[in-house]
Amino acid sequence: MDEAEKKKCSEIDICDLFITPAIKQAGWDQMQQIRREVTLAPGPVVVRGNLSSRNKKKRKFADYVLSLKPGLPLAVVEAKDNKHTISSGLQQAMGYAEIIDVPSAFSSNGDGFAEHNRAAPESEPAETEFGMEAFPHPDVLWERYRRFHNIADEGEALVQQPYHLDASGKEPRYYQLDAINRTVEAVAKGQKRVLLVMATGTGKTYTTFQIIWRLWKAGTAKRILFLADRNILVDQTLVNDFKPFGTAMTKIKNRKIDPAYEIHLGLYQAITGTDEADKIFKTVSPDFFDLIVIDECHRGSAAEDSAWREILEYFGNAVQVGMTATPKETEYVSNITYFGDPVYTYTLKQGIEDGFLAPYKVIRIDIDRDVQGWTPPPGMVDDLGAPLEDREYNQKDMDRTLVLNQRTKLVAERVMKFLRATDPMSKTIIFCEDIDHAERMRKAIVNAAGKLAKDNSKYVMRITGDSVEGKAELDRFIDPEEQYPVIATTSQLLTTGVDAKTCKLIVIDRTINSMTMFKQIIGRGTRIDEDNNKFFFTIMDFKKATELFRDDAFDGPPIVILTGDDDPNEPGPDDDDQDIGEGGDDDGDDDDETTGTCKFVVSGVTARVMNERVEYIGSDGKLVTESYRDYARKQIAAEYRSLDEFIWHWNASERKQAIIDELEQRGVILENLAEVVGKDFGDFDLLVHVAFGAPPLTRRERAEKVKKRGYFAKYGEKARAVLEALLEKYADDGVETIEDAKVLRLQPFSQLGTPMEIIKGAFGGKAAYEAALRELEDEIYELAGNE
């Protein structure tokens, strides 16, 4: 192929004809080691109003990922067509190499390769260029990977231990691979304490399974203990992610550790207790377990006086892996002090930016009695005749020491107003101050829901530690296939580990001083569930809890700090609403809640909403107040600097759909804009009106202008009939419809013949038809520059 022909090749052609053969010739197996067109991350979901769209412009997409074995990536290769230079894609490849934590990044245009070596010694250049015939062998890049990650000879076999291959084809996401590989490599280096920090909804349990699987299959860990503190977490793990362990796995029950099994799943409450006789973990030797994985280890394992800590210290020779979404780092307790620095961290912010986690919008609602305070008149008594304290009650008092029934009613009515305006069947969790508050909120929602609650008594349920009926409905609440319950009122039972991926609304009517608890509550909504059209969630905040989003500690790096953001006196997840496992209290937490506080209940005091605002995640990850219209305007302006520039591109484009597709990559979805501006406007008018303030015309108005100009007179009868029908299609459905060749298969065109018969008979051929279609579009937008 000569140079001129090569310049005409597409990027795909360059890959097929030059890059892939060069890599194969270097000794790479095309089926096992070479992966092409690898989507590392799908791109973030943008939310404005009740609309959402995925910004595909920000997706992470590698042309090649080269792996020693499945799940063990070594390098990234970025391809460009031959009109680019050899190194044009190198910066992009370096970015992807950093994401998947490999040392080797390559770029090629088919003439040669440019290389960036993150593991290069100081005496050697980090970047070089070489010919197509000189691509490195897998062994070369493996040695480079070993040097980069400091893997010794004795650890090589463990690091290369294969993943479990799922029959369904499920593969770890890039950050899960990073977490798994970094953990296995840490163990291969002899590290005994390993901490993984991964945001809720990112698949910690699946990640844990692959870690255990590889260590188990390699023989590094022959007996494994997986510890959790809620029965539902163990049961979910047993039947879902850990299912491949089969008969080698058991759940610890009946206060017995059975040595016939290798994989043991259990509640720490099931193997320990206050009395020495209850500590059944001591019935086996301290060397019985080789590996202990502690799920949600922020919830007590780090505390020096916790029951978890006693178990960990007893099996002190075992490798211990802590998994958490919210490392507990305060002056009172620190995971890092025990486990050491995390070997890998994947934050909520990263998950949202990548598009793996659902973003959120925040509705902040201020109630007058919370913000302005309320002082009872002298001598006032509550509903039971108890005299109220002569002081000002404020937000922190509400539903802790003072119950204003009108306030509870107001919150319930505001929640139902939102649900009725969006989807009254959206799964909703309302976090209350305590069990008593959760019950009163349940009653208030029943009354506010009206017919919805009358039609099904399980429309709203209280799901708390003391409610047998409510807890029995927990599985149905989190099951995407089950409609009911729709709304769950709770205190803390649903803060941790419960996989409620269809949850679309989180209501916070609880004072939150703990950053750890706040992260866990937010985590109930962060799972994306495309099958059920759940791409984002809403936080309705009545207690200013979402101010914590503005705290640097919310999504910053986990470090040991000297002043606590967790109040040791605030009831934590270990204090109430806990799960009861099999066998009663032996296998679960106490379900009693003791607040130790006397509450005053008052019915006659009014409450009203005094302020409300809606905020969204901005491009910088911060909360902003912005409508979908404002968001779209900014995105269009980023692509086109002026109205004149946009009009020029629109008129010059052979296919208007290309411009529409380009803007869609930025998250500007025309269907969403139509919801905001009006459904009768054409694509052009929607865009110029929103971005530049130009007065819009409807599609019908533009079509009528074309008809009045007598434009069709120059065409023959058959061509005129086709063009008039195309104009009607534009008026009804938009320009993208008439640009699609399939339109000629629809009515009324099908009455005129097949698409080929229409094109040839009416216009004389494809080129003439396309020219006529282009001229029709020019007529539709003829006055665009003057409007």
Side-chain angles (χ1 to χ4, degrees), residues 39-61 201 348-363 418 421-423 426 501-505 525-539 614-640 646 650 655-692 696 733-737 739-740:
T39 299
L40 301 176
V45 174
V46 176
V47 182
R48 293 297 181 271
N50 293 316
L51 307 170
S52 66
S53 59
R54 205 178 270 286
N55 190 339
K56 297 177 183 177
K57 191 98 173 174
K58 293 186 177 181
R59 71 172 179 162
K60 297 178 174 71
F61 180 86
L348 174 65
K349 181 179 179 181
Q350 287 174 287
I352 292 174
E353 287 178 351
D354 283 342
F356 291 119
L357 294 182
Y360 45 83
K361 72 173 183 178
V362 175
I363 303 175
F418 175 83
T422 53
D423 176 10
S426 292
K501 65 181 179 180
T502 56
C503 178
K504 291 185 178 181
L505 176 62
T526 55
R527 288 166 175 81
I528 286 177
D529 185 6
E530 298 194 25
D531 292 339
N532 291 284
N533 196 34
K534 189 274 182 88
F535 291 93
F536 70 96
F537 68 105
T538 302
I539 304 165
V614 181
E615 295 182 305
Y616 307 90
I617 300 177
S619 58
D620 59 355
K622 306 287 186 181
L623 282 172
V624 297
T625 302
E626 183 181 67
S627 66
Y628 190 82
R629 182 194 289 259
D630 290 338
Y631 171 79
R633 177 179 53 77
K634 291 178 182 178
Q635 297 303 312
I636 300 168
E639 195 77 17
Y640 306 98
F646 177 82
W650 184 268
R655 289 182 67 252
K656 314 308 181 195
Q657 187 64 37
I659 293 177
I660 295 169
D661 290 344
E662 178 66 26
L663 290 173
E664 185 174 320
Q665 296 291 310
R666 288 184 170 273
V668 179
I669 308 299
L670 290 177
E671 290 87 344
N672 288 0
L673 274 186
E675 291 284 339
V676 176
V677 180
K679 294 185 179 182
D680 294 329
F681 295 112
D683 301 334
F684 172 84
D685 291 276
L686 280 173
L687 294 171
V688 298
H689 176 65
V690 167
F692 307 107
D733 302 317
V735 70
E736 64 270 26
T737 300
E739 288 187 341
D740 189 340

State whether the side chain of Lys504 and the backbone N or O of Thr538 hold a donor-acceptor pair below 3.5 Å, judged by distance alone.
no

Considering only heavy atoms from C-beta outward, does the side chain of Phe356 approach that of Pro42 to under 4.5 Å?
yes

Considering non-hydrogen atoms only, spot the tightest contact between Lys58 and Pro44 and give its length.
CB-CD, 3.6 Å

Non-hydrogen atoms of Ile528 and Ala358 that approach each other most closely:
CG1-N, 3.5 Å

Relative to the ring of Phe646, is the ring of Tyr640 parallel (under 30°), tilted (30 to 60°) or perpendicular (over 60°)?
perpendicular

Nearest atoms (heavy-atom pairs only) where Val45 meets Ser52:
CG1-CB, 3.8 Å

Looking at Lys534 and Gly525, would you say the former's side chain and the latter's main chain have a donor-acceptor pair under 3.5 Å?
yes

Considering non-hydrogen atoms only, spot the tightest contact between Val690 and Ala632 and give its length.
CG1-CB, 4.1 Å

Kindly indicate, with the supporting measurements, whether the criterion side chain to side chain contact (heavy atoms under 4.5 Å, CB included) is fulfilled by Lys656 and Asp683.
CA-CA 9 Å; Lys656 314 308 181 195; Asp683 301 334; over 6 Å; no

What distance do Asn533 atom CG and Asp423 atom CG have between them, rounded to the nearest 0.5 Å?
9.5 Å

Do Phe684 and Val735 touch side chain to side chain, with heavy atoms closer than 4.5 Å?
no

Worked check of side chain to side chain contact (heavy atoms under 4.5 Å, CB included) between Leu673 and Val668
CA-CA 8 Å; Leu673 274 186; Val668 179; 4.0 Å; yes

For Ile659 and Trp650 the tightest heavy-atom approach is CD1-CA, 3.5 Å

Distance from Glu353 atom CD to Lys60 atom NZ, nearest 0.5 Å?
7.0 Å

Just by modelled atom types, is the Leu663 backbone N or O under 3.5 Å from a matching donor or acceptor in the Glu639 side chain?
no

Just by modelled atom types, is the Glu739 backbone N or O under 3.5 Å from a matching donor or acceptor in the Gln657 side chain?
no

Distance from Ile352 atom CD1 to Phe536 atom CZ, nearest 0.5 Å?
13.0 Å

Quick check for you: to the nearest 0.5 Å, what is the distance between Tyr360 atom OH and Leu505 atom CG?
15.5 Å

What do the steps show when you test Leu687 against Leu670 for side chain to side chain contact (heavy atoms under 4.5 Å, CB included), and what is the final call?
CA-CA 8 Å; Leu687 294 171; Leu670 290 177; 3.6 Å; yes

